[in-house]
Amino acid sequence: MRVATWNVNGLRSRLDFVKIWLRERRPDLVALQELKLEDERFPHEELEAEGFVAAVYGQKAWNGVAVLAREEPEILQKGLPGHGELGSRLLTVRAGGLSFTSVYCPNGKSVGHEDFPRKLAWFESLADHLRATGTPARPAIVGGDFNICPEGTDSWNEAGKKDKIFHTDEERARFRALLDLGMVDLYRRLHPDRQAFSWWDYRAGAFHKNQGLRIDFLLATAGVGEASAVEIDREFRKKQEGLTPSDHAPVWADVSA
DNA sequence: ATGTCGGATCATATCCGA
């Protein structure tokens with residue numbers, strides 16, 4: 001079974017691009033983030049034509065998460081309890097024999113901004129929620145845009161970004177706490193020394209210069225087992241058939257479940 | 001280059017967020 005996560009940066013603008021990727025990579029379970037649309041505007045019919053049934057937790061203009069599955073997913077959770085004011089950022093379903101979560105973690109803007117402590121608190125609540133729902137003890141995958149570089153190698157400019165947003169010890173401690181629940185970053189486990197990024201700023205030719213960050217992850221519990229392949233789909237950060245890509249590349253993994 | 005995107009709005013230009 002192929003699972004994936006992708007921050008699409010606006011599903012209405014990205015739909016044709018997403019369809020190209022779905023046809024090329026044939027995933028079975030996809031966590032989408034940054035839909036930027038309300039539930040009633042989700043393109044169910046077009047995605048059903050591609051062979052997917054979607055569960056959606058949308059929001060007007062900002063945020064919004066969804067899961068694409070091969071069979072009707074059962075919704076287990078919409079939203080991180082206690083954090084509704086930060087928008088639609090979490091959706092958990094039962095699909096493909098897994099608990100499967102799509103998360104769009106808060107950006108935080110900058111250290112010192114009022115959003116930064118909110119980001120840290122959001123991560124603490126995410127860990128609490130996963131623990132309280134017994135997620136680590138079950139076959140589960142949490143996929144999404146975490147807006148944190150867990151280690152120096154996950155940044156194109158670790159030295160220059162020291163103590164800057166996405167690179168702080170505070171954020172890294174919150175991310176590590178998720179792993180300490182009993183989850184593993186599937187990409188990093190299979191590629192322990194590889195520097196690869198999943199996001200590049202649209203501005204300043206960042207992609208061309210490979211000035212990126214690895215901030216999109218598939219976190220899996222022990223019940224999922226080892227992935228036979230995990231890739232960051234850099235090809236799909238490039239234009240496809242003249243269509244503009246998201247600023248994030250998809251990340252996919254082949255798991256045995 | 002504070003350089004590009006997507007989306008919303010007292011819209012046809014400017015803002016916000018990333």
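Residue numbers begin at 1 in each chain, while the letters A, B, ... track the order of the sequences.
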Please report the distance, rounded to the nearest Å, between [atom1] in [X] and [atom2] in [N].
X         : N       : atom1 : atom2 : value
Trp199(A) : dG17(B) : CH2   : P     : 17 Å
Glu34(A)  : dC16(B) : CD    : P     : 18 Å
Lys109(A) : dC16(B) : NZ    : P     : 11 Å
Asp216(A) : dA18(B) : CG    : P     : 15 Å
Asn147(A) : dG17(B) : CG    : P     : 15 Å
Gln211(A) : dG3(B)  : CD    : C1'   : 12 Å
Gln33(A)  : dA18(B) : CD    : P     : 14 Å

Checklist entry - Between atom CD of Glu72(A) and atom CZ of Arg94(A), what is the distance when rounded to the nearest 0.5 Å? => result 15.0 Å

Next on the checklist: For Asp145(A) and Gly205(A), find the nucleotide of DNA chain B closest to each by heavy atoms; which residue's nucleotide sits nearer the 5' end?
Outcome noted: Gly205(A)

Item to check | Partner residues of Tyr187(A) under the ring pair (Phe, Tyr, Trp, His ring centres under 6.0 Å) criterion, sequence neighbours left out | outcome: His191(A)

Between [N] and [M], how far is it from one [atom1] atom to the other, in whole Å?
N       : M       : atom1 : answer
dC10(B) : dT4(B)  : C1'   : 27 Å
dG3(B)  : dT9(B)  : C1'   : 25 Å
dT14(B) : dT2(B)  : C1'   : 15 Å
dA18(B) : dA11(B) : P     : 25 Å
dT12(B) : dA8(B)  : C1'   : 14 Å

Next on the checklist: Which residues end up grouped with Val53(A) if you chain together Ile, Leu, Val, Met, Phe, Trp and Tyr wherever their side-chain heavy atoms are less than 4.5 Å apart?
Outcome noted: none

Item to check | Members sharing Ile215(A)'s hydrophobic cluster (side chains within less than 4.5 Å) | outcome: Val111(A), Phe116(A), Leu120(A), Trp156(A), Ile165(A), Phe166(A), Phe197(A), Trp199(A), Trp200(A), Phe207(A), Leu213(A)

Next on the checklist: Restricting to side-chain contact (heavy atoms from CB on, under 4.5 Å), what partner residues turn up for Thr133(A), sequence neighbours left out?
Outcome noted: His129(A), Thr135(A)

Checklist entry - Which part of the nucleic acid does Asp247(A) contact within heavy-atom distance under 4.0 Å: base, sugar-phosphate only, or nothing? => result nothing

Checklist entry - Got a salt bridge between Glu34(A) and Arg14(A), using NZ or NE/NH1/NH2 to carboxylate O under 4.0 Å? => result no

Checklist entry - Does Trp6(A) have its ring centroid less than 6.0 Å away from the ring centroid of Trp252(A)? => result no

Protein and nucleotides 4-11 of chain B: nitrogen or oxygen contacts under 3.5 angstrom:
| from | atom 1 | to | atom 2 | distance (Å) |
| --- | --- | --- | --- | --- |
| dT4(B) | O4' | Tyr202(A) | O | 3.4 |
| dG6(B) | OP1 | Arg14(A) | NH1 | 3.1 |
| dG6(B) | OP1 | Arg14(A) | NH2 | 3.3 |
| dG7(B) | OP2 | Ser13(A) | OG | 2.2 |

Next on the checklist: Do Gln33(A) and Asp145(A) pair up side chain to side chain, a donor and an acceptor below 3.5 Å, judged on atom types alone?
Outcome noted: no

Checklist entry - Hey, are Asn9(A) and Tyr202(A) close enough side-chain-wise for a donor-acceptor pair under 3.5 Å? => result yes

Next on the checklist: Does anything in residues 151-176 of chain A come within less than 4.0 Å of DNA chain B? Heavy atoms only, and list the residues if so.
Outcome noted: none

